[in-house]
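Note sheet for the following structure.
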Amino acid sequence: MLEILESRYDHQKTEEKIYALWEKSGLFAPEAHQPWAGNLKRKPFAIIMPPPNANGSLHLGHAVFVTLQDILIRFWRMRGRKTLWLPGADHAGFETQVVFDKKLEKEGRNRFEIPRDQLFGEIWEFTQNSKKTMESQLRKLGASCDWSREKFTLDPNIVKIVYETFEKLYKDGLAYRDNRIVNWCTKHQTTLSELETKYVEKKDPLYYIKYGPVELATVRPETKFGDTAVAVNPRDKRYAKLVGKEIEIETLIGPAKIKVIADEAVDMKFGTGAVKVTPAHDPNDFEIWKRHEKEIPGPKVVIDKYGRIDLSAFAGNEKAERYHGLKIMGARELIEEDMRKEGLITKIDPEYSHSVATCYKCGTTLEPRILPQWFIKTKPLAEKAIRAAEKKEISFHPESSKKVYLHWLKNIRDWNISRQIVWGIRIPAWYCLSCSEPKINPKVKSRWFLVRHGETDYNKMGLIQGATDTPLNETGMAQAREAGQKLKPYNIDLIVSSDLIRCRQTAEIIAETIKEETGAEILFEEKLRERHQGEIEGLPREKFLKNPRDEYSYEGKYMGAESYRELEERAWQAFSSHHLKNHHKNVVLVTHGGVMRMLIKRIKNLDPEAALSIPSRKNAEIIQLDVLDKCKKCGGHFFEQDSDVFDTWFSSGQWPFAALITGKKTDFKTYYPTDVMETGYDILFFWVARMVMLGLYATGKIPFKDVYLHGLVLDKDKKKMSKSKGNVIDPLGVAEIYGSDALRIALVAGNTAGKDIVISEDKIRGYRNFATKLWNIARFILLHRTGPHLKKRYGEKYSKELKDMDRKSLAEIEAIKKKVTNHLEKFEFHLAVEILYHYIWHTLADKKVESLKRFLQPASALEDQVAAREILEKLLIESLKMLHPFMPFITEEIYQKLNPGKILMAEKW
RNA sequence: GGGCGGCUAGCUCAGUUGGUUAGAGCGCUUCGUUUACACCGAAGAGGUCAUAGGUUCGAAUCCUAUGCCGCCCACCA
């Protein structure tokens, strides 16, 4: 039944079949029975796969990690260790958000117009599709990972662990929320960590500006409206007399007084030795202000989140209006021009070169802003991570990367983990609505939703409507249905509604819409009615009222009307009695704009003035209130969750232990710390260092013992591959042409740890040829296996010459084996490849096969024919085993021909 | 400004702790269709190991400088 092989190996016919064979065998799972292993108590071997971003398809960089990790896994599996390779995918917060934003842009949409839940849902769908693609690509590349343990960073049990870590950090005082100056991308509308900024050399004019008696140099004249001081070096004699004094200055928007302070940070040699201090828009100035908090005014914001001049602080100043709303560069030009006219500019150095912080994704110049963000106090975490490396609990390959790692950790700064995007793990911090006190990772008892009724014709026409009882119009009904859709996921138990028809209808439509999910009870409540508007009922709002506080003061009322105070009293009475009874239920409260304003006033503990400034609600607008255990500080019940999400690296930094704790029962105990973390050197700080810090912090143990870092994949001209350059080699494309095996081995041959990998199609083709060579050795042997008389072993009766060759060959291949084993144990993949390549091609094929050919001729003694073939077969099988981690498909396929029924992947090395 | 890495055959790179004529792939030249393989075989050309010093019996390898290339970190009003 022996088949004659084709003269060429057909990877397209083979790979899928072989992968299916492996997967069916169950041998990817570490607990699979390995009969030859004998002692399964041997040390397990575990690698957590760096989860690829679920927002695209695999590139060559992924192919590199698949290859290296699969080599390690297959090698140790064959050596008899209980081997786990745990696959996963990363939601990749910001990265995915950016990818998705681009997709939205193409569709003419943008994320700021899409409700949070809907946007999250759409991105979820998108990532699930990418995930599927990637999984099939990983299979195509031969990854022998345990799919039964696959994880996603947004799996609920992973998220739970991330929350617990955050809570622990908070309790230990290592996570804190603070108003600090952070890097803000005006395009992506989010803050970024230090690592996500890219400094770019730029040439900008350096302006020398007159500031009363002093002169100073700046590249950002447009921020001068936000200046709160002038700083000089304390040792600078030129300004000694001015320090501590207020100076009168002339600005484009009028004269001002500003204080001169002394600070070490000022370089006497730069410019004029005097510097303007703009704490709201410059990180250094922010620091200077912190040091002189008592002497000078705090930050004055003059640039908004879109990077436009915002002079609303100068409302009423006509000169300020000229600049308000301008983009930075436009403002700078205009200001330069105006200052020139005023004689405020003394000199311009047009070619001043400095480096500017930009967004690493879009290159937009980052705008420093002061925002409340969550930070991790990293110093204490870093100390442990440093010690782990110094004590050699963690080894680095290449070793030089350890220095880089240590240097970074020793100079680490606090880590901003808040991101203003939707895609990610929402920060589990709730703030008390009445006193802002945070609660971390609390149990949400229930959710309450205040919903305004849908549109009536009165609303549509802009007429004041209080007690006037009119129904919803078509739009209003549609709005109510939409609100119902949004409320659907929340398991609403109860709907309480004002008994006016517009609310009644809204409530009924909502109830109808959410019916499939829950059968909520509806109660009608007279006390939730809109305020009686008295004599102004039915008047055109636009004409009558310019803003809400025109309606009347908190106490005031028109003839026959009700005051806000009265409204508040009755509405709050109703609200609190329902809250008392139903605080554990999810409740929708359908009511009116005025009522909502007063309820919010009460909940947020606002004074009347502030309450009346609350903007009015749109029809069917929903306000979510989360009910938690009473606030410790003020006793309030209602909270709202932080709208930010965690930096992805905060969650992926917990990946090794999170992926194991949420796995099978004993996984964490068995496989943690894992053995090897293999990833690209470009994420040494982003990921590796943070995994060590967070792993040590959360579990008390290092997350892995060895760190192997591979380089970037470059094209044959040593250029980084990028879509825009069009020099990207699609790994699946070349695998399709030359086979996954050829791609894999080409990626490891001639490459050492930490070095960039130069790959070309030529190189891959070269290794495809090697595959063909191997195939033909097998073909040759199998050709000589035919014929019934050759089936049986002929014992020891063959020639002495052959016996000598046998002995020598075996000794030789044993030596090879020793070397290859040694290299693999030391992560020297390229050396192992070189030895194997050489041995198989230039020894096994060129020497062994050639020299044994004559014994295989029909003229030779039968015993010699059999013996010669058996010698070759032994050498081939040993070669196949050693080559298997590198080229799993073809070696398995050949092995299947030689030993049907057995699986090479599980053979003993 | 600080750090790291590289500089070895036309190209891409190996060369593990210093040890005999410095290696591989691709490319090149010549020859060869020998019943596994032309995605092959045989033979061959091609390197003062960036430069200058030094240590050593011996240096691509260790040390010191220099040059160029690349990367990382920090910072700049």
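Convention: sequence-line order gives letters A, B, ...; per-chain numbering from 1. Everything quoted here is computed from the prediction, not taken from an experiment.
- Base pairing annotation: B:A24 forms a Watson-Crick or G-U wobble pair with B:U12, both donor-acceptor distances under 3.5 Å.
- Regarding A:Lys198, its NZ atom lies at a distance of 12 Å from the C1' atom of B:C71, rounded to whole Å.
- Between A:Phe685 and A:Tyr405, the ring centre distance reaches or exceeds 6.0 Å.
- Whole-Å rounding puts the A:Asn822 CG to B:U17 P distance at 13 Å.
- When both pairing distances are held under 3.5 Å, B:A42 makes a Watson-Crick or G-U pair with B:U30.
- The same atom, P, is picked in B:G58 and in B:C26; the two are 39 Å apart, to the nearest Å.
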Name the atoms and distances for all side-chain donor-acceptor pairs under 3.5 Å in residues 275-282 of chain A, with sequence neighbours left out.
| residue | atom | partner | partner atom | Å |
| --- | --- | --- | --- | --- |
| A:Lys276 | NZ | A:Thr223 | OG1 | 2.7 |
| A:Lys276 | NZ | A:Asp227 | OD1 | 2.8 |
| A:Lys276 | NZ | A:Thr278 | OG1 | 3.0 |
| A:Thr278 | OG1 | A:Asp227 | OD1 | 2.7 |
| A:His281 | NE2 | A:Val302 | N | 2.9 |
| A:His281 | NE2 | A:Ile303 | N | 3.2 |
| A:Asp282 | OD1 | A:Asn284 | N | 2.8 |
| A:Asp282 | OD1 | A:Asp285 | N | 3.0 |

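- For the P atom pair drawn from B:G47 and B:C11, the interatomic distance equals 13 Å after rounding to whole Å.
- Spacing of C1' atoms, B:G53 relative to B:G15, comes out at 25 Å, to the nearest Å.
- Nearest nucleotide to the side chain of A:Arg413, out of B:C40, B:C75, B:A36: B:C75.
- Heavy atoms of A:Tyr9 sit nowhere under 4.0 angstrom from any nucleic acid atom.
- Ring geometry for A:Phe686 against A:Tyr360 counts as tilted: the plane angle lies between 30° and 60°, on a 0 to 90° scale.
- Only the C1' atoms considered, B:U61 is 13 Å distant from B:U55, to the nearest whole Å.
- Relative to the side chain of A:Thr772, the nucleotides B:G25, B:C37, B:C73 differ in distance, and B:C37 lies closest.
- Interface remark: the A:Glu850 side chain does form a donor-acceptor pair with the B:A36 base, using a distance-only criterion of under 3.5 Å.
- For A:Leu831, counting side-chain heavy atoms from C-beta on, the closest listed nucleotide (B:G41, B:G15, B:C37) is B:G15.
- Between A:His710 and A:Tyr708, the ring centre distance reaches or exceeds 6.0 Å.
- Summarising the geometry, the separation between NE2 on A:His784 and C1' on B:U35 is reported as 8 Å, rounded to the nearest angstrom.
- Between A:Lys848 and A:Ser809, the side chains place a donor N or O and an acceptor N or O closer than 3.5 Å (distance only, hydrogens not considered).
- Of the candidate nucleotides B:U12, B:C40, B:G5, B:C40 has the atom nearest to the side chain of A:Asn769.
- In this structure, A:His11 and A:Tyr9 have tilted ring planes: the angle between them lies in the 30° to 60° band.
- Listed candidates were B:A74, B:C39, B:C37. Nearest to the side chain of A:Arg768 is B:C39.
- Where A:Tyr681 and A:Tyr352 each meet RNA chain B at their nearest nucleotide, the meeting point lying more 5' is that of A:Tyr681.
- Within the structure, a side-chain polar atom (N or O) of A:Lys755 is placed less than 4.0 Å from OP1 or OP2 of B:A14.
- Checking B:A74, B:G23, B:G25 against the side-chain heavy atoms of A:His842 singles out B:G25 as nearest.
- In summary, A:Arg413 and A:Glu287 do not engage in a salt bridge, as defined by a charged side-chain N under 4.0 Å from a carboxylate O.
- Listed nucleotides B:C4, B:A14, B:G25 differ in distance to A:Glu834; the shortest reach to its side chain belongs to B:A14.
- The aromatic rings of A:Phe827 and A:Phe829 sit perpendicular, their planes meeting at an angle over 60°, well past the 30° parallel limit.
- Taking atom P in both B:A60 and B:U16, one finds a spacing of 12 Å when rounded to whole Å.
- For the OP1/OP2 pair of B:C4 and a distance below 4.0 Å, the side-chain nitrogens and oxygens of A:Lys403 include at least one atom meeting the criterion.
- Between A:Ser760 and B:C26, a side-chain N or O to OP1/OP2 separation shorter than 4.0 Å is absent.
- Looking at heavy-atom distances under 4.0 Å, A:Leu216 makes no contact with the nucleic acid at all.
- Counting non-hydrogen atoms under 4.0 angstrom, A:Thr278 reaches nothing in the nucleic acid.
- A:Arg765 places its CZ atom 18 Å from the P atom of B:U12, with the value rounded to the nearest Å.
- Using a 4.0 Å heavy-atom criterion, one finds that A:Phe829 contacts no nucleic acid atom at all.
- Using a 4.0 Å cut-off, no side-chain N or O of A:His823 falls inside it from OP1 or OP2 of B:A14.
- Taking atom NZ of A:Lys402 as the reference point, atom P of B:C4 lies 15 Å away to the nearest angstrom.
- Rounding to whole angstrom units, NE2 of residue A:His407 and C1' of B:G1 are separated by 11 Å.
- With B:C73, B:A36, B:A24 as the candidates, the nucleotide lying closest to the side chain of A:His838 is B:A24.
- Between the C1' atom of B:G5 and the CG atom of A:Leu712 lies a distance of 13 Å, rounded to the nearest Å.
- B:G1 and B:C73 make up a base pair, with Watson-Crick or G-U wobble contacts both under 3.5 Å.
- Base engagement by A:Ala845 is indicated by at least one non-hydrogen atom pair under 4.0 Å involving a base atom.
- Between A:Arg854 and B:U35 there is no side-chain polar atom (N or O) within less than 4.0 angstrom of OP1 or OP2.
- Base pairing of B:A36: no nucleotide in any strand meets the Watson-Crick or G-U wobble criterion (both distances under 3.5 Å).
- Remark: A:Glu399 does not engage A:Lys402 in a salt bridge, criterion side-chain N to carboxylate O under 4.0 Å.
- Considering only side-chain atoms of A:Arg8, the nucleotide from B:A36, B:C39, B:A14 that sits closest is B:C39.
- Taking atom C1' on both nucleotides, B:A38 is separated from B:U33 by 8 Å, rounded to a whole Å.
- Taking the P atom of each, B:G5 and B:G41 are spaced 39 Å apart, rounded to whole Å.
- Taking the side chain of A:Lys773 as heavy atoms from C-beta on, and the options B:C73, B:A14, B:G41, the nearest nucleotide is B:G41.
- Following rounding to the nearest Å, A:Leu406 (CG) and B:C4 (P) show an atom-to-atom distance of 13 Å.
- Within the nucleic acid shown, A:Asn411 has no heavy atom closer than 4.0 Å to any nucleic acid atom.
- Using a 4.0 Å heavy-atom criterion, one finds that A:Val277 contacts no nucleic acid atom at all.
- Mapping A:Asp756 and A:Glu828 onto RNA chain B by nearest heavy atom places A:Asp756 at the nucleotide closer to the 5' end.
- A gap of 7 Å separates the P atoms of B:C7 and B:A50, to the nearest Å.
- Summarising the base pairing, B:A65 is matched to B:U51 through a Watson-Crick or G-U wobble pair whose two defining distances lie under 3.5 Å.
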